[in-house]
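Indexing begins at 1, ligand by ligand and atom by atom, following the structure's order.
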Amino acid sequence: MKSEKRSVNQVRPTILLNPGPVTLSDRVRRKFLEEDLCHREPEFADLVLDIKARLRRVYPEAEAQYEAILFTGSGTCAVEAIFQSLAPRKGKTLVIANGVYGERIASMLEVQGKPYVLVKSAWPEPMNLVEAERILQRDSSITHVAAIHNETTTGRLNDLQSLGALCRRYGKPLLLDTVSSFAGEEIRFTEWNVAALASVANKCIHGAPGICFVLARKDLLEDGTTEASSLYLDLFKMYKEQKTGFSPFTQATHICVLLQEALKELEEAGGWQSRRARYREISSRIRREFQALGIELFLPEEAYCSMLTSFQLPAGRTYEQVHDALKAAGFVIYAGQAGLYHSIFRIANMGDIKDSDVDRLIEAMGTVVR
Ligand SMILES: *Cc1c(COP(=O)(O)O)cnc(C)c1O
């Protein structure tokens, strides 16, 4: 829909309620106008080292034992770097999936020809930890466990407390996709036996898309050997080269400048705890108000993460109708994936969202259902 359909006195940009990229704050957006950087110059190396240090500090528990490694690419690039570099050929990865992103990890291992076992639940269901434990008990060739923290397919915050306890009990390193939860939910590195996790600049950190990163245990990076059959996605190679801030390949330099600013903004606002509190405030209000309009939640309320909600489409409305009406009112929402396209829609609440934006969203949704 064209922007001229929006009311003339509206000063806010279109608000992105899709799960990344997000609406940037003015402070971060202004950084686009700064000087251009060359990725082979010392100024850029300093910037990279500063970003790596700030990423380690988002969760103070990670600071001493984990190292951040930056890649230019979307979130999938960081996830794939983990499974390229750390998932073994002479071992087996137990992949626990209850949505698109968990199943994507299995696809990555499939195309790499690496052994894995997939424990798959229907998308609306929790991870099947009973089956996961059964496999851990009887298959001694399992060396690693892979999972998704916040399954963005539905907005379910997976029970990492229970899965992490299993990983510790059976002594299996956990490879974790925290693409849509890093900086917006709690992550317990030691308790969950996290060997490496992947995330991205443009979700809960509120940067622009183009840079993703892996946080991996330093001892693993120092002592381990790579399993990668990719040059670009080799964590070990990138780790060594990036120790000095040097980037062997061209990085998204402008996006790094924005990422540094977004990390400063996150720290000044009180870190991940404050961000989660703000997300919860917005998402619980949206859930309450949409339910009051007769729109039903797709999952039980207590299953949701802080930053995304999946709703049943309102009776008699297609996704396109809901999407187009909200777009005309200045909001971009997100469809359900694959089979869920015709039954749900999703509202993410990351990025620079003001209370007045939520007021307008609720008003616009009221118009859609009436
Ligand atoms: C967004 C997302 C990804 C990565 O998606 P890209 O489009 O590659 O950025 C991976 N896993 C989860 C859980 C996500 O939400």
Interfacing atoms of ligand 1 (cut-off 4.0 Å, heavy-atom, [X]):
X	value
Thr76	4 (C), 5 (O), 6 (P), 8 (O)
Gly75	4 (C), 6 (P), 8 (O), 9 (O)
Val179	1 (C), 2 (C), 3 (C), 4 (C), 10 (C), 11 (N), 12 (C), 14 (C)

Nearest heavy atom to atom 6 (P) of ligand 1, choosing from Ser180, Ser74, Pro21, belongs to Ser74
Among Val100, Thr152, Asn150, the residue with a heavy atom nearest to atom 15 (O) of ligand 1 is Thr152
heavy-atom search around atom 1 (C) of ligand 1 in the protein gives Lys203 NZ, 1.5 Å
for atom 11 (N) of ligand 1, nearest protein heavy atom and its distance come out as Asp177 OD2, 2.7 Å
Decide, yes or no, whether a salt bridge links [X] with [Y] under the criterion of side-chain N to carboxylate O below 4.0 Å.
X	Y	answer
Lys237	Glu241	yes
Glu131	Arg134	yes
Lys243	Glu67	no

Rounded to the nearest 0.5 angstrom, the CD-CZ distance for Gln137 and Arg169 is 9.0 Å
Which of Leu297, Leu17, Leu299, Ile344 passes side chain to side chain contact (heavy atoms under 4.5 Å, CB included) with Thr309? It is Leu297
Checklist entry - Can you find a non-hydrogen atom of Glu151 under 4.0 Å from ligand 1? => result no
Check: Is Val79 near ligand 1, meaning one of its heavy atoms is under 4.0 Å from it?
Finding: no
Less than 3.5 Å apart, any donor N or O on the side chain of Asn128 or Ser121 sitting next to an acceptor on the other? no
Aromatic plane relationship, Phe182 with Tyr59 - under 30° parallel, 30 to 60° tilted, over 60° perpendicular: perpendicular
